[in-house]
Amino acid sequence: MKKKSTMKKRSFFKLFAASTLFTVLCLVSYGSPARVFAQDKEAQEKEEGRRISREAQAALVEAQRRLETNPEDQAAARQPLVEFMAAPPPAMPGEANPIPLVMYQMLGQLWYADPKAKNNIEESQKIFKAGHTAYPEDEMVLYNYAATTYELERFLDAAPLFEKFYDLSVKHEIKHLNVAAAAYYNGENLKDAKRVFIRMIESVEKPESTWLESVISICVEQEDSKETEKYIRLALDFYPMEHKYWNLMGNSFIEKEDYIGAASVFEIATRVTAPEKGSQWKSLIDLYNYSGLPLRTAASIQKGFTLLVKDGKEEDQHILVAEAYVRGARVDKAISYLDNVISKNRSLRLLLKKGAILSDARRNTEAIAVFDECIAMDAKAWDAYYMKGWAAWDLKDWETAEKAFDKATGSKDHRPMAQDALDMIASLDEAKSR
């Protein structure tokens, strides 16, 4: 199922010459060709030499007079223009259209500026469309046609109009391509939205980050992982210190199930911007664990320790570091790390973990000494008795093992296994006595 567009719709675009077209008409006079001064020099030059018939001049002046007499009554001001356009006189010599451009502009504006009129934007758009058909090379009428079409939420009609306006205009303001891209996107034409955003990116020395993010977002929606990664890399070329792009790159590696690559990228992200939550470190740690990189796990836990302990006990994190060192075949490093922590906080739990690590490494004499420390701290340290028993067993020190297992039976958790061990020791003693 197609994903719903998340890009916000652009709701309103100011029309060209909103006030200029209403005031310039007082310059129109009978007896001489009209000179309509448009908003900018290029548009003014286009208007130079265009002849306006006496009938058209009369309609324009009457519309201007009515508007000045009662600015609130746009309907009255529209009437002479509507009547003229309904039955225009024959075109003047050299004139392709008897309806002058300024009349389309003024009537379109009068509709647009009249919220009391029914379907005023719709009527305004129809006039600007007719004006564009009659004068396809005029920038202002094209822009107004595009803007009203967009405002009517006819996005797929508006988008190519804004592209055409950008190509037609002398200034080539990139913001108009941005509107075209947004219109394509809002009309769910992702292909052309992406094309226009890429056009924008390639047209400048350093593209805006929002353009890059838009292309990346579209690539993700299109499930095009190759293109997604391409534009994330491009974003990083321009904005290497933006944490969000490193995160996006990491996610793209996860999509490809390249967890080592993802972990490396997320590691860089933590250097660009220090994580603010323990969960951010945990995600990186989980990736290192999954990728079988225990030493990187240990290093990451220590780097993110302050944030991680907010989500759990300090001892939990210390134990995770020690376990990661052990998985990386760094038993001495694990013991050294725990010794350093225990010297500041003599914890029974940490001592037990140290003893367990030594026992698993078959450094049993050292392990027994640590378990004895635990028992000295707490006479009911059942785990210490139980693990001491197995360390002594491995040394074939049956007397020490028997005493330890006997103590361990005081715990219901260890009682069954400790009793089994005692029975086996008794069997061994019996076998020796025969």
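Since the model is a prediction, treat every value here as computed from it, not as a measurement.
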Worksheet item: Any side-chain donor-acceptor pair under 3.5 Å between Q105 and Q109?
Response: no
Discussion item. Can you see whether H132 engages N144 through a side-chain donor-acceptor pair at a distance of less than 3.5 angstrom?
Written reply: no
Worksheet item: Tell me the side-chain hydrogen bond (donor to acceptor under 3.5 Å, both in side chains) pairs involving residues 238-248, sequence neighbours left out?
Response: E213-K244, E213-Y245, H243-N247
Check [X] against [Y] and note the closest heavy-atom contact, atom names and distance.
X: F128; Y: V141; answer: O-CG2, 3.6 Å
X: L101; Y: D138; answer: CD2-OD1, 3.0 Å
X: E205; Y: F238; answer: O-CE2, 3.3 Å
X: D413; Y: P416; answer: O-CD, 4.0 Å

Discussion item. I need the full list of ring pair (Phe, Tyr, Trp, His ring centres under 6.0 Å) pairs touching residues 325-371, with sequence neighbours left out, sorted by first then second residue.
Written reply: H318-Y337
Once salt bridge (charged side-chain N to carboxylate O under 4.0 Å, His left out) is applied, do any residues pair with [X], and if so which ones, sequence neighbours excluded?
X: K282; answer: D286
X: D114; answer: R78
X: D420; answer: none
X: K303; answer: E267

Does [X] pair with [Y] as a salt bridge, N-O distance under 4.0 Å?
X: E323; Y: K353; value: yes
X: R195; Y: D192; value: yes
X: D332; Y: R363; value: yes
X: E173; Y: K175; value: yes

Discussion item. Which label fits Y385 and W382: parallel for a plane angle under 30°, tilted from 30 to 60°, or perpendicular past 60°?
Written reply: tilted
Can you sort out the partners of [X] under side chain to side chain contact (heavy atoms under 4.5 Å, CB included), two or more places apart, ordered by chain and number?
X: S336; result: none
X: A130; result: Y104
X: S225; result: none
X: L152; result: I121, E122, Q125, R154

Between side-chain atoms of residues 258-266 and protein atoms elsewhere (two or more places apart, or another chain), which donor-acceptor pairs fall under 3.5 Å?
{"from": "D258", "atom 1": "OD1", "to": "G261", "atom 2": "N", "distance (Å)": "2.9"}
{"from": "S264", "atom 1": "OG", "to": "I260", "atom 2": "O", "distance (Å)": "3.0"}

Fill in: Pairwise distance CE(M417) to OG(S411) - rounded to 0.5 angstrom
13.0 Å
Practice prompt. With sequence neighbours left out, write down each residue that passes side-chain hydrogen bond (donor to acceptor under 3.5 Å, both in side chains) with W211, or none if nothing qualifies.
Written response: none
Worksheet item: If you count the non-hydrogen atoms of other residues, nucleotides and ligands that lie under 6.0 Å from CZ in R349, is the total more than 12?
Response: yes
Worksheet item: For E255, does the CD atom have more than 12 heavy-atom neighbours from other residues, nucleotides or ligands under 6.0 Å away?
Response: no
